[in-house]
Colleague: 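Sharing a structure here in structure tokens format.
Fair warning: this is a prediction, and the values are worked out from it, not measured in the lab. Below, chains carry the letters A, B, ... as their sequence lines are ordered, and counting in each starts from 1.
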Amino acid sequence: MPRNTGQFALNELQLSGMNNQDLADLFDRMADLLAIKGEVIYITLAYRRVAESLRDLPEDIHTVQREGRLRQIPGVGKEVEKKIEELLSTGKLAFLERLEQEVPVSLLDLLQVPDVGPKKVALFWKQANINTLPELEQAAREGRLRALPGMGEKSEARVLAGIEAMQRRSRRMLLNTAWSLGESWLEWLRAQPGVSRAEAAGSLRRWKTTIGDIDLVAAASAAAPVMEAFIQHPDVFRVASQGENKSSVELKGGVHIQLWIQSPDRFGSLLQYATGSKEHNVHLRELALKQGLSLSERGLVNAEGREQLAATEEEIYAALGLPYIAPELREERGEIQAALEGRLPRLLEPGDLQAELHAHTLWSDGRNTVEEMAKAARQRGLKTLAITDHSVGLGIAGGLTVEELHQQRVDIQAAQREMGDALHLLHGTEVDIRADGSLDYPDEVLAELDIVIASMHSALRQPKEAATERLIRAISNPHVDMIGHPSGRLLPNREGMDLDWVAVLEAARQHGVALEINANPNRLDLDEVYARRAVEMGIPLSINTDAHSTEQLDQSIYGVSVARRAWASAEQVMSTWTTERFLAWKNRRQE
DNA sequence: GCCGTTTTCGGCCCGACTGTTTTCAGTCG
């Protein structure tokens with residue numbers, strides 16, 4: 001569905017305070033309007049870069065501005081600095097208001113139509129007086145677009161098909177949904193004659209939090225028959241584009257899949273190219289140019305025009321004088337500079353995990369017994385499992401009274417005897433953080449437990465100041481070991497709490513409290529941007545599945561991906577620690 | 001509009017695909 005529709009509510013933003021995301025959206029909006037207006041491409045690119053930087057910024061833009069560090073943000077120069085300052089101090093921007101006078105904002109909806117870009121929007125607007133999406137659709141149906149310069153019957157049909165596809169298009173997929181769809185297509189691809197390799201690429205391979213389209217790459221001696229089979233696949237609803245090396249289809253459910261094919265000796269450059277991100281690739285190509293090389297999905301070409309093919313990604317990075325960069329890092333967040341300087345982190349691996357510190361059972365809203373969870377954890381090679389059911393105040397989740405909590409200990413001890421040395425069970429709680437920041441069990445009860453995770457489950461719409469104060473109060477409780485799903489967001493739609501993250505992270509550091517990376521694909525919370533800041537600050541992270549059933553213990557992989565995207569090493573993730581080390585950490589904190 | 005281990009001004013990634021074009025513009029990733 002189109003974003004950026006209609007008038008942006010600047011007044012409301014001014015009242016509620018503009019956050020980084022709001023600001024980023026405004027810069028994207030300016031880039032779109034400037035592009036339609038016909039501004040030089042590099043100016044619109046500059047605005048987009050600023051938007052991207054603002055989204056990656058782990059601290060509040062107000063703080064950066066107060067401390068006079070705006071110019072340190074990548075892509076922010078003299079002009080953009082002035083614009084940000086005007087926006088933050090007045091909640092308005094004269095430049096944007098003028099732009100919105102010149103270019104009808106309803107044109108932004110047209111930009112969302114596939115295959116319609118700024119040039120075509122300008123054409124429709126200036127030469128056919130089309131201002132809105134319904135007007136565009138009507139003009140296409142009446143055959144009025146084909147007469148425009150550079151347009152024809154096919155282009156007109158394409159616009160109409162694009163509008164219809166847009167209405168069908170599903171929202172962004174959760175990571176697990178995207179992976180299971182991607183895996184089934186990879187299995188199909190690998191079974192095709194002539195295909196020697198097939199891999200996921202794009203945001204899926206980078207393990208982005210949510211996935212729009214699925215990108216796949218394959219190596220085949222002859223691409224044509226594979227492409228033909230791809231577009232003929234029974235699940236394909238519509239072929240969006242079709243070529244020898246690249247095709248794109250829409251599935252019946254509205255999901256788009258893109259497939260690239262090259263010969264096996266070019267597979268490395270293809271996989272590297274299709275994995276992105278776009279910004280990472282742009283930087284890499286600039287780096288190549290400085291070394292007299294031209295980089296594309298086809299490989300490297302030197303100044304004499306001689307090709308250097310790459311069957312593996314490693315060869316591409318090596319040819320540019322770089323160590324291998326993991327896909328999760330390829331977001332143009334300093335990874336190329338770090339690679340050049342030899343200071344890429346040794347990333348956490350899935351096999352490093354040996355503790356699950358957040359799990360539920362039948363005692364509250366889980367679906368399995370303590371013993372079943374313990375056996376499932378042992379089967380997965382874990383050495384530590386913490387049973388952390390909900391606290392009494394969370395009635396809807398069957399939270400435990402203090403008495404039930406005591407009874408549960410007996411149950412856990414029984415399961416521990418059953419497990420022997422194979423698995424250490426910890427008795428903990430996921431205690432609810434009430435709206436005022438107090439906890440749902442008395443301190444003396446919390447003191448008896450092996451691990452205390454404190455989480456917010458209700459009153460998630462508090463204003464920023466109250467929410468921050470609430471969370472910091474919980475962090476300050478000496479019995480709290482960890483904060484569970486810190487923002488409370490639910491992907492893909494419900495945003496998390498509006499928090500002053502700098503203050504929250506600083507409190508966690510001061511009090512030695514760990515932060516959870518909740519591995520549930522609906523949460524992935526702590527967000528990677530703040531997780532990376534936490535890593536830099538030396539705050540321990542914990543990858544927790546928050547499993548409510550034995551099968552959900554398998555979801556830790558999604559938490560690992562967040563930690564990797566946050567540049568975390570195994571050492572910084574307490575889920576890799578032994579039970580003894582965890583208990584030592586807990587005890588040291590309490591001295 | 002930003003930016004500088006070849007630059008403070010002149011650059012700013014690269015190719016596939018589509019459809020409209022007789023050689024290229026627009027869009028996309």
Colleague: Give a yes/no answer on whether the side chain of A/Arg298 brings an N or O atom under 4.0 Å of OP1 or OP2 in B/dA16.
Modeller: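 Yes, such a contact exists.
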Colleague: A/Asp235 vs A/Lys252, test: salt bridge (charged side-chain N to carboxylate O under 4.0 Å, His left out). Steps then yes/no.
Modeller: CA-CA 6 Å; A/Asp235 289 352; A/Lys252 283 164 182 165; 5.1 Å; no
Colleague: In whole Å, what is the span from the CG atom of A/Leu287 to the C1' atom of B/dC14?
Modeller: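 Going from CG in A/Leu287 over to C1' in B/dC14 covers 15 Å.
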Colleague: Quick one: are A/Asp32 and A/Pro118 in side-chain contact, heavy atoms under 4.5 Å?
Modeller: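 A side-chain contact is absent here, since even the closest heavy-atom pair is not under 4.5 Å.
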Colleague: Kindly state which residues belonging to residues 143-157 of chain A come within less than 4.0 angstrom of DNA chain B, counting heavy atoms of the residue only, listed by number.
Modeller: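 A/Gly150, A/Met151, A/Gly152, A/Glu153, A/Lys154, A/Ser155 - these, ordered by number, are the residues of the stretch whose heavy atoms sit under 4.0 Å from the strand.
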Colleague: Any idea which heavy atoms bring A/Asp213 and A/Ser203 closest together, and the distance?
Modeller: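 Closest approach of A/Asp213 to A/Ser203, heavy atoms only: O-OG, 4.3 Å.
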Colleague: Could you walk me through whether A/Glu297 and A/Lys246 satisfy the salt bridge (charged side-chain N to carboxylate O under 4.0 Å, His left out) test, starting with their C-alpha distance in whole Å, then the side-chain angles of each, then the deciding distance to 0.1 Å, before giving a yes or no?
Modeller: CA-CA 11 Å; A/Glu297 61 265 46; A/Lys246 175 184 162 187; over 6 Å; no
Colleague: For B/dG15 versus B/dG10, give the span between their P atoms, rounded off to a whole number of Å.
Modeller: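 It comes out at 26 Å once rounded to the nearest Å.
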Colleague: Please indicate yes or no: is the ring centre of A/Tyr42 less than 5.5 Å from the centre of the six-membered base ring of B/dC2, with the two planes inclined by under 30 degrees?
Modeller: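 No.
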Colleague: Relative to each other, are the rings of A/Phe230 and A/Trp188 parallel, tilted or perpendicular (30° and 60° limits)?
Modeller: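 A/Phe230 and A/Trp188: tilted rings.
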Colleague: In this structure, how many angstroms lie between the C1' atom of B/dC3 and the CD1 atom of A/Ile73, rounded?
Modeller: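 Between C1' of B/dC3 and CD1 of A/Ile73: 16 Å.
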Colleague: Using the C1' atom on both, measure B/dC28 against B/dC13 and round to a whole Å.
Modeller: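 My reading of the C1' atoms in B/dC28 and B/dC13 gives 14 Å.
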Colleague: For atom P, what is the distance between B/dT21 and B/dG26, given to the nearest Å?
Modeller: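 Each nucleotide's P atom is 13 Å from the other's.
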Colleague: Cut-off 3.5 Å, side chains only: do A/Glu332 and A/His280 have a donor facing an acceptor?
Modeller: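 No, no side-chain donor-acceptor pair sits under 3.5 Å.
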Colleague: Rounded to whole Å, please give me the gap between OH in A/Tyr47 and P in B/dG1.
Modeller: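 Roughly 4 Å, once rounded to whole Å.
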Colleague: Distance alone, cut at 3.5 Å: any donor-acceptor contact between the side chains of A/Glu97 and A/Gln101?
Modeller: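 No.
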Colleague: Are A/Arg205 and A/Glu313 close enough for a salt bridge, meaning some N to O gap below 4.0 Å?
Modeller: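 Result for this pair is yes, salt bridge flagged.
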Colleague: Can you check salt bridge (charged side-chain N to carboxylate O under 4.0 Å, His left out) on A/Arg48 and A/Glu52, steps first, answer last?
Modeller: CA-CA 6 Å; A/Arg48 289 205 196 289; A/Glu52 206 51 48; over 6 Å; no
Colleague: Take the protein atom CZ of A/Arg49 and the nucleotide atom P of B/dC13, then report the distance between them rounded to whole Å.
Modeller: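 So the CZ-P distance, A/Arg49 to B/dC13, works out to 11 Å.
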Colleague: Considering heavy-atom distances to DNA chain B, does A/Val301 or A/Trp260 have its closest nucleotide positioned more toward the 5' end?
Modeller: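 Its nearest nucleotide lies further toward 5', so the answer is A/Val301.
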Colleague: Using the closest heavy atom to pick a nucleotide of DNA chain B for each, name whichever of A/Val113 or A/Leu293 lands nearer the 5' end.
Modeller: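 Looking at DNA chain B, the more 5' nearest nucleotide goes with A/Leu293.
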Colleague: Got A/Trp260 and A/Leu216 here, is their nearest side-chain heavy-atom distance under 4.5 Å?
Modeller: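 Result no, sub-4.5 Å side-chain heavy-atom pair not found.
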Colleague: Hey, can you tell me if A/Tyr324 and A/Tyr317 have their rings parallel, tilted or perpendicular (30° and 60° cut-offs)?
Modeller: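 Correct class here is perpendicular.
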Colleague: Do A/Thr177 and A/Ile211 have side-chain heavy atoms sitting under 4.5 Å apart?
Modeller: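 A side-chain contact is absent here, since even the closest heavy-atom pair is not under 4.5 Å.
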Colleague: Please list, in numerical order, the residues of residues 272-281 of chain A that have a heavy atom closer than 4.0 Å to any atom of DNA chain B.
Modeller: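 Hits under 4.0 Å, by residue number: A/Tyr273, A/Lys278.
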Colleague: Which parts of residues 304-316 of chain A get close to DNA chain B, meaning a heavy atom less than 4.0 angstrom away?
Modeller: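 Output list: empty, so none.
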Colleague: Grab the CD-P distance between A/Gln291 and B/dC13 for me, whole Å please.
Modeller: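 Answer to the nearest Å: 16 Å.
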Colleague: Between A/Glu187 and A/Ser184, does any side-chain donor sit less than 3.5 Å from a side-chain acceptor?
Modeller: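 The criterion, which ignores hydrogens and geometry beyond distance, is not satisfied for A/Ser184 and A/Glu187.
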Colleague: Please measure how far the C1' atom in B/dT8 lies from the corresponding atom in B/dC3, and state the result in whole Å.
Modeller: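 9 Å, rounded to whole Å.
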Colleague: Report the C-alpha separation of A/Glu59 and A/Arg69 in whole Å, then their side-chain angles, then the decisive distance to 0.1 Å, and conclude whether the salt bridge (charged side-chain N to carboxylate O under 4.0 Å, His left out) test is met.
Modeller: CA-CA 11 Å; A/Glu59 51 185 335; A/Arg69 292 185 283 115; 3.0 Å; yes
Colleague: In terms of ring plane angle, is the pair A/Trp501 and A/Tyr530 parallel, tilted or perpendicular, where the classes change at 30° and 60°?
Modeller: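 Geometry flag for A/Tyr530 against A/Trp501: parallel rings.
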Colleague: Can you name the one residue among A/Glu335, A/Glu331, A/Glu528, A/Glu328 that meets salt bridge (Lys or Arg N to Asp or Glu O under 4.0 Å) with A/Arg206?
Modeller: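 That would be A/Glu331; it is the only one of A/Glu335, A/Glu331, A/Glu528, A/Glu328 passing the salt bridge (Lys or Arg N to Asp or Glu O under 4.0 Å) with A/Arg206.
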Colleague: Counting any heavy atom closer than 4.0 Å, what does A/Val282 reach on the DNA or RNA strands: base, sugar-phosphate only, or nothing?
Modeller: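 Touches a base.
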Colleague: Out of A/Arg489, A/Arg532, A/Arg565, which residue meets the salt bridge (Lys or Arg N to Asp or Glu O under 4.0 Å) rule with A/Asp527?
Modeller: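 The option that passes is A/Arg489.
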Colleague: May I have the distance from A/Leu284 (atom CG) to B/dG15 (atom P), rounded to whole angstrom?
Modeller: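 Atom-to-atom, A/Leu284 to B/dG15, this comes out as 14 Å.
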Colleague: Please report, rounded to the nearest Å, how far the C1' atom of B/dC28 is from the CZ atom of A/Arg48.
Modeller: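 Result: 13 Å.
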Colleague: Under 3.5 Å, which N/O atoms of the protein pair with N/O atoms of nucleotides 23-26 of chain B?
Modeller:
none

Colleague: Does A/Arg158 make a side-chain N or O approach to OP1 or OP2 of B/dT18 shorter than 4.0 Å?
Modeller: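 For A/Arg158, the contact criterion (side-chain N or O under 4.0 Å from OP1 or OP2 of B/dT18) is not met.
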Colleague: Rounded to whole angstroms, how far apart are CD1 on A/Ile41 and P on B/dC28?
Modeller: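 Roughly 12 Å, once rounded to whole Å.
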Colleague: May I ask which nucleotide in the shown strands pairs with B/dT8, Watson-Crick or G-U wobble, both distances under 3.5 Å?
Modeller: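 Its partner: none found.
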Colleague: I need the residues from residues 231-253 of chain A with at least one non-hydrogen atom less than 4.0 Å from DNA chain B; give them sorted by number, or say none.
Modeller: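 Heavy-atom contacts with DNA chain B come from A/Ser241, A/Gln242, A/Gly243, A/Glu244, A/Asn245, A/Lys246.
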Colleague: B/dT20 and B/dA25: how far apart are their C1' atoms, nearest whole angstrom?
Modeller: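 Those two atoms are separated by 9 Å.
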Colleague: Just checking A/Lys83: base, sugar-phosphate only, or nothing, at a heavy-atom cut-off of under 4.0 Å?
Modeller: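 Sugar-phosphate, backbone atoms only, no base.
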Colleague: With sugar-phosphate meaning primed atoms plus P, OP1 and OP2, does A/Leu295 contact a base, only sugar-phosphate, or nothing at under 4.0 Å between heavy atoms?
Modeller: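 Result for A/Leu295 = sugar-phosphate.
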Colleague: Where does B/dT7 fall, syn or anti, if syn means a chi angle no more than 90° from 0?
Modeller: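 Syn.
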Colleague: Looking at A/Lys83 and A/Glu81, does any basic side-chain N land under 4.0 Å from a carboxylate oxygen?
Modeller: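 The answer is no: the pair does not qualify as a salt bridge.
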Colleague: Do A/Gln555 and A/Pro521 have side chains that get closer than 4.5 Å, going by heavy atoms?
Modeller: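 Result yes, sub-4.5 Å side-chain heavy-atom pair found.
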Colleague: Can you build the contact string for nucleotides 4-9 of chain B? Use B for base contact, S for sugar-phosphate-only contact, and - for no protein heavy atom under 4.0 Å.
Modeller: ------
Colleague: Say whether A/Ser106 and A/Asn131, considering side chains only, have a donor N or O and an acceptor N or O under 3.5 Å apart.
Modeller: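 Result is no, nothing qualifies.
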Colleague: Only one of A/Gln258, A/Arg238, A/Gln242 clears side-chain contact (heavy atoms from CB on, under 4.5 Å) with A/Ser248; which?
Modeller: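 When side-chain contact (heavy atoms from CB on, under 4.5 Å) is applied between A/Ser248 and each of A/Gln258, A/Arg238, A/Gln242, only A/Gln258 qualifies.
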Colleague: On a whole-Å scale, what distance lies between the C1' atoms belonging to B/dC17 and B/dC12?
Modeller: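 Those two atoms are separated by 25 Å.
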Colleague: Remember a base hit wins even if backbone is also touched, and classify A/Val116 as base, sugar-phosphate or nothing at under 4.0 Å, heavy atoms.
Modeller: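 Counting heavy atoms under 4.0 Å across all strands, the contact made by A/Val116 is with sugar-phosphate only.
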